[in-house]
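Down below is the structure, laid out as structure tokens.
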Amino acid sequence: MPYVDGFIVAVAKDKLDDYTALAELARDVWMSHGALSYVEALADDVSVGELTSFPRAVHLKEDETVVFSWITYESREARDAINKKVMEDPRMKHDMENAPFDGKRLIYGGFKTFVEN
């Protein structure tokens, strides 16, 4: 079964064009190094929960939206090898100080799939 990296991040609404450009670049880099799929999705039907929710998880501000993303790989081993190549790829060298999102509020992790279609 595939291995998945998942991401949730808050993005300022006025920086969505910049984020989209970065996401398209990242998609191209990950796919060129062997990822099976790369998806970025904007919050559409996401409410603030009483205890937990996507907005609460990223400390969403009024002028921001939530982006939910995932990348799939053949296996954990493939993911580790691909991510190493991605981090070494010169296309991914950019100024994180001016990133179109707050990296301190980025949530991410790797997941083993256990049910799929």
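In this text, all values refer to a predicted model and were calculated from it rather than measured experimentally.
- Under the 3.5 Å distance criterion, with hydrogens and angles disregarded, no donor-acceptor pair is assigned to the side chains of Tyr73 and Asp80.
- Counted by atom type alone, Asn98 and Asp18 present zero donor-acceptor pairs between their side chains at under 3.5 Å.
- Annotation for His59 and Glu64: closest pair O-OE1, 4.1 Å, computed over non-hydrogen atoms.
- Other residues, nucleotides and ligands place more than 12 heavy atoms under 6.0 Å from the NZ atom of Lys93.
- Around the CG atom of Asp17, the shell of radius 6.0 Å holds no more than 12 heavy atoms that belong to other residues, nucleotides or ligands.
- Of the possible polar contacts, none joining the Arg91 side chain to the Leu25 backbone as a donor-acceptor pair under 3.5 Å is found.
- The six-membered or imidazole ring of Phe7 lies away from that of Phe68, with a centre-to-centre distance of 6.0 Å or more.
- Between the OG atom in Ser69 and the OH atom in Tyr108 there is a gap of 14.0 Å [rounded to 0.5 Å].
- Residue Glu116 qualifies as enclosed at atom CD: its count of foreign heavy atoms under 6.0 Å is above 12.
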For side-chain contact (heavy atoms from CB on, under 4.5 Å), just list the numbers for Arg105 and Val9, CA-CA rounded to whole Å, side-chain angles, deciding distance to a tenth of an Å, and then say yes or no. CA-CA 6 Å; Arg105 293 185 287 142; Val9 66; 5.9 Å; no
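- The CD atom of Glu40 sits 9.5 Å away from atom CD of Glu24, with the distance rounded to the nearest 0.5 Å.
- Relative orientation of the Tyr19 and Phe101 rings is perpendicular, given thresholds of 30° and 60° on the angle between their planes.
- In this structure, Asp44 places its CG atom where only 12 or fewer heavy-atom neighbours from other residues, nucleotides or ligands lie under 6.0 Å away.
- Note that CZ of Phe54 and OG1 of Thr65 are 12.0 Å apart. Values are rounded to the nearest 0.5 Å.
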